[in-house]
**Student:** 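Input: one structure, supplied below.
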4 protein chains.
Amino acid sequence: MATQEARPLRADARRNRERVLDAARAVFADSGHEAQMDEIARRAAVGVGTVYRHFPTKDALLAALLADSFARIAANARAALDEPDAWQAFAGVLWFGAELLAANRGLTESLVAQPADCVLEHQLELRVAMGKVIGRAQAAGVLRPDMLVDDVPMLMCGIGAAFRKPHPCPGSWRRHLAIVLDGLRAPAATGPLPD
Amino acid sequence: MATQEARPLRADARRNRERVLDAARAVFADSGHEAQMDEIARRAAVGVGTVYRHFPTKDALLAALLADSFARIAANARAALDEPDAWQAFAGVLWFGAELLAANRGLTESLVAQPADCVLEHQLELRVAMGKVIGRAQAAGVLRPDMLVDDVPMLMCGIGAAFRKPHPCPGSWRRHLAIVLDGLRAPAATGPLPD
Amino acid sequence: MATQEARPLRADARRNRERVLDAARAVFADSGHEAQMDEIARRAAVGVGTVYRHFPTKDALLAALLADSFARIAANARAALDEPDAWQAFAGVLWFGAELLAANRGLTESLVAQPADCVLEHQLELRVAMGKVIGRAQAAGVLRPDMLVDDVPMLMCGIGAAFRKPHPCPGSWRRHLAIVLDGLRAPAATGPLPD
Amino acid sequence: MATQEARPLRADARRNRERVLDAARAVFADSGHEAQMDEIARRAAVGVGTVYRHFPTKDALLAALLADSFARIAANARAALDEPDAWQAFAGVLWFGAELLAANRGLTESLVAQPADCVLEHQLELRVAMGKVIGRAQAAGVLRPDMLVDDVPMLMCGIGAAFRKPHPCPGSWRRHLAIVLDGLRAPAATGPLPD
DNA sequence: TATGAATGAGCATTCATTCAT
DNA sequence: GATGAATGAATGCTCATTCAT
């Protein structure tokens with residue numbers, strides 16, 4: 001989850017690190033990758049230098065945030081394996097992830113962008129956990145058998161359309177996910193694909 | 001389709017306009033909004049000044065391209081009303097749009113970004129046509145009744161995940177759309193949404 | 001001498017390129033590598049962007065200047081081979097180079113710094129020419145036989161001490177070179193070196 | 001030698017001061033003026049704050065080091081007055097100074113840079129001592145009569161060319177000094193200077 | 001007093017847009 | 001009209017110095 005908690009930081013440093021992360025979360029959530037470091041610093045009520053003390057580059061800061069989100073989803077996925085209902089387990093993870101995506105433009109962008117190495121690591125972790133959740137649901141016959149783990153990012157992409165302004169309507173991503181879930185539960189019905 | 005074709009252009013001007021549009025299409029498709037004007041000009045074998053003569057800003061150029069794409073999809077949607085099978089009509093439009101999205105990063109980004117006024121106009125046109133296609137399918141009982149026109153962009157968003165590198169697999173967006181379509185055909189089955 | 005004169009530049013572009021080079025020469029001569037790009041642009045009465053249009057980085061600009069200086073000295077060295085007096089030929093090249101060094105802090109710094117590739121090329125050229133000048137003088141018995149081409153930069157380094165402020169006295173570098181030349185003409189007389 | 005040893009320091013403070021000086025010596029010797037304060041602190045195994053407690057600015061720290069070096073050379077020069085051979089005395093001081101210069105990029109740079117007041121003081125001290133050494137050698141007729149004390153820095157500048165990478169050859173500065181010394185011993189022979 | 005986290009002015013570089021040729 | 005050189009505001013990052021702990 002965290003990246004350099006190895007050496008314990010001074011109390012004030014840890015507090016500032018959190019302020020920076022919080023500010024960055026907010027700013028990246030609003031503006032995605034085009035967020036500006038000065039804006040993050042201002043929002044954290046901190047000098048730019050402080051931001052850079054904790055994160056060597058803008059991308060590293062964004063990556064830390066993304067890694068954290070992916071780690072949280074991965075944790076959720078692992079926990080889902082204890083849920084008795086295989087479908088509920090699967091759907092629950094998607095709902096959980098969607099909740100995060102719906103509020104975070106940076107995270108949404110990450111579904112389409114080339115991931116940094118440090119993020120990749122956590123995405124892999126998520127991929128593994130999600131793979132198990134998917135496998136179980138497929139084995140139980142409640143999830144369409146042709147679905148792949150790598151389909152998940154695509155299926156979740158639309159969640160972030162919430163950022164389009166003016167919003168169609170605030171919670172519309174819920175209907176989006178509901179539709180996707182319906183499509184996933186049913187056995188493939190669309191028939192042969194074109195081309 | 002285009003925005004300032006009102007006054008007829010000299011032959012060579014029209015030719016240049018097309019060159020610019022073609023180049024911009026290619027570059028925006030590859031690089032999305034971060035494409036650079038100089039690159040577009042180079043690709044069009046034209047000076048930057050020429051690009052600016054035809055399109056006052058980068059956003060205007062991108063908008064012209066988007067407007068064109070939306071217009072093409074709108075045309076496809078209008079034509080779909082002649083298709084006897086209401087479901088085929090609906091699905092056909094989505095397949096058509098997906099084909100465009102899958103190859104165009106700029107277009108995909110537009111599903112999430114704030115649309116320019118000039119694009120908005122064409123999106124509205126598309127919205128109207130698509131509304132009819134959707135209404136017909138719902139009236140025929142082949143499309144889930146709670147679906148809204150404004151859900152379409154969200155549902156199509158995932159198509160562009162194809163830009164993520166390394167690609168999961170080249171044609172994966174087809175499976176994505178198939179799943180979505182399955183979710184749309186079935187009557188809502190997921191049950192009450194959380195929260 | 002020049003770096004990208006391959007494609008002929010527009011008249012105004014060439015003029016600006018010269019302005020930039022002149023300004024850079026002046027600023028680097030005064031401040032060496034710590035000169036600032038904005039200052040160079042201001043001095044050239046040009047936007048920074050123009051500086052960057054002609055030279056991709058600060059180092060490239062400095063390198064172009066250095067390369068030019070080295071090229072000029074190399075040309076002088078080649079011409080010196082036509083001078084009948086082998087000693088005058090040798091001494092003349094040093095006097096010529098010293099004249100440049102005495103007025104140019106950037107050039108002086110380059111005698112100590114790691115040279116960029118593009119400069120290296122011209123230094124090599126100079127090394128070759130200078131090697132011939134030295135060889136001829138040694139063959140004529142007028143230059144101490146143990147001197148190497150690579151000693152030249154060291155011997156010339158002191159010229160730049162002229163930048164030390166307050167100057168000991170404006171033309172003192174002339175006496176410096178005279179002393180060095182005397183040391184070079186005499187057969188080695190100092191006796192065994194310590195250590 | 002040092003600048004603020006007036007008031008006696010606590011034992012640990014004095015120890016820290018030495019650690020800082022040692023570290024700074026090493027770092028400035030390697031990197032010259034571009035050395036970073038953090039690097040010096042790290043090398044001294046001390047916080048930056050401690051560095052600043054002992055030396056108010058980076059330049060003050062560098063100056064302290066330079067002052068120390070100049071003081072050592074000055075001491076050497078004073079001692080040289082006891083050497084019976086006036087030439088050996090003179091040459092010996094230069095060899096001693098060269099040894100220091102050859103291993104210290106910061107010191108070498110100081111021969112060209114504007115000296116801080118606190119350094120100036122020690123340079124003056126050196127100037128006085130060196131003046132006597134030079135005067136004696138000139139009186140004895142073993143040193144060219146037109147040489148001035150202020151020529152010394154210029155003559156020694158080349159020593160530092162050893163920092164150029166790749167080094168021409170490790171001990172080449174010895175030949176440089178030998179040549180200079182030969183030039184200095186001989187009566188002026190070069191003839192009238194140009195211009 | 002020592003520490004090292006915080007600060008923020010400073011600087012190289014980019015790129016959409018303008019305008020002289 | 002076309003060209004591409006010029007512009008300069010904007011932005012990520014550095015590092016000497018300060019100051020809270």
Side-chain angles (χ1 to χ4, degrees), chain A residues 7 9-17 19-20 34-42 44-61, chain B residues 9-10 12-13 16 20 34-42 45-61, chain C residues 9-17 19-20 34-42 44-61, chain D residues 9-10 12-13 16 34-42 45-61:
Chain A
R7 38 176 176 165
L9 292 173
R10 254 166 48 181
D12 60 337
R14 177 150 41 241
R15 195 176 55 248
N16 266 338
R17 190 173 204 275
R19 289 161 76 95
V20 168
E34 75 185 13
Q36 294 174 26
M37 292 304 264
D38 280 2
E39 169 64 15
I40 292 173
R42 180 165 36 254
V46 139
V48 230
T50 301
V51 177
Y52 279 96
R53 162 167 285 270
H54 291 288
F55 303 93
T57 64
K58 177 177 167 177
D59 280 344
L61 174 51
Chain B
L9 294 171
R10 262 171 39 186
D12 59 337
N16 267 341
V20 168
E34 75 185 13
Q36 293 176 25
M37 293 302 264
D38 279 0
E39 169 64 15
I40 292 172
R42 178 165 38 253
V46 138
V48 229
T50 302
V51 177
Y52 277 93
R53 167 162 298 274
H54 290 288
F55 304 94
T57 65
K58 178 177 169 175
D59 280 343
L61 173 51
Chain C
L9 292 173
R10 254 164 47 179
D12 60 338
R14 175 149 45 238
R15 196 176 55 248
N16 266 338
R17 189 172 204 276
R19 290 161 77 96
V20 167
E34 75 185 15
Q36 294 174 25
M37 293 301 264
D38 279 1
E39 169 64 15
I40 292 172
R42 180 166 35 255
V46 138
V48 229
T50 301
V51 178
Y52 278 94
R53 161 167 286 269
H54 291 287
F55 303 94
T57 64
K58 177 177 168 176
D59 280 343
L61 174 51
Chain D
L9 293 172
R10 262 170 39 184
D12 60 337
N16 267 341
E34 74 185 14
Q36 293 175 24
M37 293 301 265
D38 280 1
E39 170 64 14
I40 292 172
R42 177 165 37 253
V46 138
V48 230
T50 301
V51 178
Y52 277 93
R53 168 161 298 274
H54 290 287
F55 304 94
T57 64
K58 176 177 168 176
D59 280 343
L61 173 51

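Since the model is a prediction, treat every value here as computed from it, not as a measurement. Lettering follows sequence order; numbering is per chain, from 1.
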**Student:** Compare every heavy atom of A:Tyr52 with every heavy atom of A:Thr57, then report the nearest pair and how far apart it is.
**Tutor:** CA-CE2, 4.2 Å

**Student:** B:Glu39: what forms a salt bridge (charged side-chain N to carboxylate O under 4.0 Å, His left out) with it, not counting sequence neighbours?
**Tutor:** B:Arg42, B:Arg43

**Student:** Figure out the CZ/P separation between A:Arg19 and E:dA5, and round it to whole Å.
**Tutor:** 17 Å

**Student:** Roughly, in whole Å, what's the span from CZ in C:Phe55 to C1' in F:dA5?
**Tutor:**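 Atom-to-atom, C:Phe55 to F:dA5, this comes out as 14 Å.
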
**Student:** Do you know the tightest heavy-atom contact between C:Lys58 and C:Glu34?
**Tutor:**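 Looking at all heavy atoms of both residues, the closest pair is NZ-C, 4.2 Å.
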
**Student:** What pair of heavy atoms forms the shortest contact from C:Ala45 to C:Arg19, and how long is it?
**Tutor:**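 Between these two residues, the closest heavy atoms are CB-NH2, 3.4 Å.
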
**Student:** According to a strict under-4.0 Å criterion, is C:His54 in side-chain N/O contact with OP1 or OP2 of F:dA6?
**Tutor:** yes

**Student:** Both distances under 3.5 Å, Watson-Crick or G-U wobble: on that basis, could you give the dot-bracket string for DNA chain E, with [ ] for crossing pairs and | for other-strand partners?
**Tutor:** .||||||||||||||||||||

**Student:** C:Leu61 has an atom CG; how far is it from atom P of E:dC11, in whole Å?
**Tutor:** 16 Å

**Student:** If you compare every side-chain N and O of D:Asn16 against the phosphate oxygens of E:dA2 (OP1, OP2), does one of them come in below 4.0 Å?
**Tutor:**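 Affirmative; the distance criterion is met.
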
**Student:** Which listed nucleotide (F:dG1, F:dA6, F:dT3) is nearest to the side chain of B:Val46?
**Tutor:** F:dT3

**Student:** Quick check on DNA chain E: between D:Ala45 and A:Ala45, whose nearest nucleotide comes earlier from the 5' end?
**Tutor:**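 Going by which nucleotide is closer to the 5' end, it is D:Ala45.
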
**Student:** Between F:dA10 atom P and A:Glu39 atom CD, what is the distance in whole Å?
**Tutor:**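 Rounded to the whole Å, the gap is 14 Å.
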
**Student:** Begin with the C-alpha distance, continue with both residues' side-chain angles, and end with the deciding distance and a verdict on side chain to side chain contact (heavy atoms under 4.5 Å, CB included) for D:Met37 and D:Leu61.
**Tutor:** CA-CA 10 Å; D:Met37 293 301 265; D:Leu61 173 51; 4.2 Å; yes

**Student:** Where each residue is assigned the nucleotide of DNA chain F containing its nearest heavy atom, which of C:Val51 and B:Thr50 is assigned the position nearer the 5′ end?
**Tutor:** B:Thr50

**Student:** Over all heavy atoms of both residues, which pair between C:Val20 and C:Ile40 is shortest? Give the atoms and the distance, please.
**Tutor:** O-CG2, 4.2 Å

**Student:** Take atom CZ of C:Arg17 and atom P of F:dA6, then tell me their distance rounded to the nearest Å.
**Tutor:**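 Distance check: C:Arg17 CZ to F:dA6 P gives 11 Å.
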
**Student:** List the protein contact pattern of nucleotides 13-21 of chain E with one symbol per nucleotide (5' to 3'): B for base contact, S for sugar-phosphate-only contact, - for none; contact means a heavy-atom distance under 4.0 Å.
**Tutor:** BBSSBB---

**Student:** Which nucleotide in the set E:dA5, F:dT3, F:dG4 lies at the smallest distance from any side-chain heavy atom of C:Arg53?
**Tutor:**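 For the C:Arg53 side chain, the nearest candidate turns out to be F:dG4.
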
**Student:** Rounded to whole angstroms, how far apart are CZ on C:Arg14 and C1' on F:dG4?
**Tutor:**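 Rounded to whole Å, this separation is 15 Å.
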
